[in-house]
Each structure stands twice: as structure tokens, then as C-alpha cells.
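To start, the structure under review is shown below, and the notes come after it.
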Amino acid sequence: MIFILFAFLLQCGKESNNESTPTVEAEMRSMDMPMEKKVATSTSRTDDAIEPPSVESQLGQVFVPIQTTSERLLEYQVQLSYQTQDLIKTRKDILGFITKYGYIESSSAVNTDSPYMSLRIHIRSEKLYEALIELDTYGVLLNEDISTVDHTEGMVWQKIKSNREKIRLVRRSIANNQTSANSKNWQAIEEAVTDSENNLDSSEHEIWKIKDRVKWATLNINFSTPIPADKVQIPTYKNAFVGILNLFLELTYYLIWMIPFLLLAGILYFPLKKIYFYFKK
């Protein structure tokens with residue numbers, strides 16, 4: 001009985017220990033979870049603090065170039081040299097190109113053993129880059145020279161002169177209307193008004209010329225073909241025989257002209273000879 005009672009008590013103690021152990025482990029885990037959360041939260045905050053700020057937070061949004069409102073008045077002058085395999089085809093293509101982009105000022109072409117073509121054309125400045133790209137399809141580019149002439153300063157000066165002449169013209173016109181025809185200053189005022197009108201016309205004409213030069217780009221284009229290889233040239237022997245025959249015929253022609261003079265010399269030879277010996281004796 002004592003042995004059975006001891007075994008029963010021992011078994012109950014093991015069960016109570018098994019039940020208490022999970023409870024303690026659960027309590028320890030429940031205590032560790034807030035700590036893990038705190039550690040995780042602190043770790044995430046530390047990572048956020050270590051992470052470098054983005055580009056937008058430093059510099060703002062991506063920089064976009066601002067289009068300037070001021071424009072330069074540029075006159076484009078282009079020198080181009082191309083090499084093409086078929087000059088005849090290129091000539092036809094370039095005529096269509098000129099019709100598409102502008103007008104031709106001058107042109108010259110030679111189709112011989114070394115054919116070439118040179119032309120001077122004017123195209124719209126806003127189509128210049130598109131035209132240059134299309135020209136590259138007509139041959140191989142050998143040489144290119146693009147330069148510009150800035151007319152901005154000249155345009156500003158001409159506009160200042162034009163505005164000033166307009167003010168002078170208005171002022172002189174008012175003075176002219178207030179002056180009678182019998183006044184001594186009437187003729188001088190009339191001449192001053194005429195000078196203002198002429199100066200205004202000249203300024204307006206200069207402004208138009210600047211705008212026209214800026215509107216149209218000038219292209220000087222040369223097309224050539226590759227240098228052909230040396231060839232064996234066989235002369236035409238027939239021409240030699242023809243030349244000999246022509247020379248013989250020319251000699252006979254001149255001989256016919258000389259026959260009368262030879263006959264006359266033969267007739268006069270004997271009398272002149274007798275006279276010569278007579279005077280000699």
C-alpha cells in the first residue's frame with residue numbers, strides 16, 4: 001500500500017510539472033513578444049534613419065530645360081561635297097529635292113569622263129536639318145562646312161531707326177500742317193519730311209532683307225563621281241589612213257593653185273636668161 005501510494009504521488013507530481021512547464025513557457029513567450037516588437041520597431045526606425053534621402057527630397061523634381069523666349073536671327077550658309085555613283089540619277093533626285101524644300105539659284109553639270117555637278121540653292125531654315133539628312137541619301141559625304149551669320153544686332157538697330165524715323169515723320173508732318181505755304185520754313189520742313197520718309201523706307205527695306213536672309217538658308221552643293229581606273233586606250237588606226245589621204249588631197253589642191261605660176265615662170269625663164277648673159281658680157 002505504501003509503495004502504491006508513493007507511485008501515485010510521484011505520477012501526480014510529473015503531471016503537475018508537465019502542466020506548469022508549458023504555462024511558464026507561454027508566459028515567457030508572451031513577455032518576449034513585446035520586446036521583439038520593440039526591437040523590430042527600433043530596427044526599422046534605424047534603417048529608415050540610415051537610408052539616404054531620395055533625389056527628389058534633395059534636388060526636387062527632374063530638371064527640365066526652360067525654353068528661352070529670345071530668338072537669334074541666324075543666316076545659315078552650308079558648303080557640301082558628295083560622291084555619287086550615278087550622276088544622272090542624282091540629278092533627277094536633286095531636282096525633286098529642290099522642289100520640295102526651296103528654289104535653285106544656279107546650277108551647272110558636265111557629263112564627260114569625269115562628270116560632276118555643282119549647284120547653289122536656297123531652302124527654308126526650319127527645314128534645314130531635315131534637308132541635310134535627306135541629302136545624305138544621294139551620295140557619300142566628302143566635305144561639310146556649316147556657318148552662320150547673326151543678324152540679331154542688326155535687326156535691333158534697324159527697328160530702333162525705324163521707330164525713330166516714324167516719330168520724326170509724325171512730328172514733322174504736324175509741323176508741316178501748321179505751316180502755311182507762304183512761310184519761309186515751309187520748304188525746309190517739307191524737305192525734312194521727305195528725308196524722314198526716305199530713311200523710314202530704307203530701314204524697312206533693311207529689315208525685310210534681314211528677315212529674308214534668316215528665312216532662307218544657302219546651300220552650295222557639289223556632286224562628283226569616283227575617279228575611274230586607268231584604261232588601255234586602243235587608237236583608231238583607220239584615222240591614220242584617213243589623215244594620210246587628207247594630207248595628200250590637200251597637197252594636190254595646193255599644187256593645182258601653183259600650176260599657173262609654174263608655167264609663167266617657165267615661159268619667162270629663157271628670155272630672162274638671155275638678157276642676163278647679154279648684160280653680163
Side-chain angles (χ1 to χ4, degrees), residues 64-82 91 93-109 117-136 138 141 143-223:
V64 178
I66 300 174
Q67 298 293 333
T68 57
T69 57
S70 61
E71 295 182 358
R72 308 301 298 180
L73 301 177
L74 301 178
E75 176 190 357
Y76 289 92
Q77 298 178 355
V78 184
Q79 306 283 339
L80 298 171
S81 296
Y82 288 94
R91 179 178 176 275
D93 295 336
I94 204 68
L95 291 177
F97 170 85
I98 295 171
T99 306
K100 179 179 178 182
Y101 290 101
Y103 64 94
I104 186 171
E105 180 179 338
S106 61
S107 175
S108 62
M117 180 176 64
S118 61
L119 61 158
R120 181 182 178 89
I121 62 176
H122 298 274
I123 64 175
R124 297 185 180 274
S125 298
E126 63 269 15
K127 298 288 186 179
L128 176 60
Y129 298 105
E130 181 181 349
L132 292 177
I133 293 174
E134 185 171 341
L135 280 173
D136 290 340
Y138 299 148
L141 180 63
N143 186 21
E144 180 184 57
D145 183 12
I146 300 176
S147 60
T148 59
V149 179
D150 193 350
H151 293 284
T152 307
E153 182 180 356
M155 176 63 80
V156 172
W157 173 240
Q158 291 300 328
K159 286 185 177 180
I160 292 173
K161 290 174 61 178
S162 177
N163 294 332
R164 178 60 60 189
E165 290 299 331
K166 288 179 182 179
I167 296 172
R168 290 176 180 173
L169 181 61
V170 172
R171 187 171 64 246
R172 290 173 178 176
S173 298
I174 294 173
N176 191 18
N177 293 331
Q178 294 177 353
T179 304
S180 61
N182 296 326
S183 177
K184 295 181 180 180
N185 295 330
W186 181 85
Q187 185 175 1
I189 295 175
E190 183 67 23
E191 291 178 356
V193 171
T194 303
D195 292 339
S196 296
E197 291 174 347
N198 293 334
N199 293 334
L200 182 60
D201 292 340
S202 178
S203 297
E204 294 294 335
H205 184 229
E206 290 295 329
I207 290 174
W208 178 88
K209 289 196 296 184
I210 291 174
K211 290 182 178 179
D212 184 70
R213 292 172 182 173
V214 172
K215 182 179 179 180
W216 297 96
T218 303
L219 275 72
N220 294 303
I221 309 175
N222 295 318
F223 288 97

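If you read the sequence from its start, that first residue is 1, and numbering goes on from there. Every heavy atom of this structure was used, including side-chain atoms; hydrogens, water molecules and symmetry mates were not.
With sequence neighbours excluded, no residue satisfies ring pair (Phe, Tyr, Trp, His ring centres under 6.0 Å) with Y76.
Residues S107 and I104 share a closest heavy-atom pair of CB-CD1, 3.4 Å. For S125 against A217, the heavy-atom pair with the smallest separation is OG-N, 3.7 Å. Between L132 and V78, the closest heavy-atom pair is CD2-CG1, 4.3 Å. In plain terms, the two heavy atoms of A131 and I123 that are nearest each other are CB-CD1, 3.5 Å. S203 approaches K161 most closely through the heavy-atom pair OG-CB, 3.7 Å.
Here the straight-line distance linking atom CD1 of I121 with atom CH2 of W216 works out to 11.0 Å at 0.5 Å rounding. For the atom pair Y129 OH and I133 CD1, the distance stands at 10.5 Å (nearest 0.5 Å). Separating the CZ atom in R120 from the CG atom in L219 is a distance of 9.5 Å, to the nearest 0.5 Å. Rounding to the nearest 0.5 angstrom, the gap separating the CD1 atom in I98 from the NE2 atom in H122 is 11.0 Å. Residue E75 holds its CD atom at 6.0 Å from CZ of R213, rounded to the nearest 0.5 Å.
Within the 4.5 Å cutoff, side-chain heavy atoms of E130 are placed close to those of Y101. Using a 4.5 Å heavy-atom threshold, the side chains of L80 and I146 count as separate. With contacts defined as side-chain heavy-atom distances shorter than 4.5 Å, the pair R72/H151 does not qualify. Between L135 and L141, every side-chain heavy-atom pair lies at or beyond the 4.5 Å cut-off. With contacts defined as side-chain heavy-atom distances shorter than 4.5 Å, the pair L119/M117 qualifies.
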*Take Q158 and E204 through the test side-chain contact (heavy atoms from CB on, under 4.5 Å) and record every step on the way to the result.*
CA-CA 8 Å; Q158 291 300 328; E204 294 294 335; over 6 Å; no

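With respect to K215 and E126, no salt bridge is recorded, no charged nitrogen being found less than 4.0 Å from a carboxylate O.
Within the 3.5 Å criterion, the main-chain N or O of N222 finds no donor-acceptor partner in the side chain of S81. With hydrogens and angles ignored, the 3.5 Å screen pairs no side-chain donor or acceptor of T218 with any backbone N or O of Q77. For the pair N163 (side chain) and K159 (backbone), a donor-acceptor distance under 3.5 Å is present.
For Y103, the OH atom counts as densely surrounded, since its 6.0 Å shell holds more than 12 non-hydrogen atoms of other residues, nucleotides or ligands. Few gaps surround NZ on K209; more than 12 heavy atoms of other groups in view lie less than 6.0 Å from it.
The aromatic rings of F223 and Y82 lie parallel to each other, their planes meeting at an angle below 30°, with 60° marking the opposite boundary.
Of the residues listed (D93, T99, I94), the one engaging F97 in a side chain to side chain contact (heavy atoms under 4.5 Å, CB included) is I94, and it is the only one.
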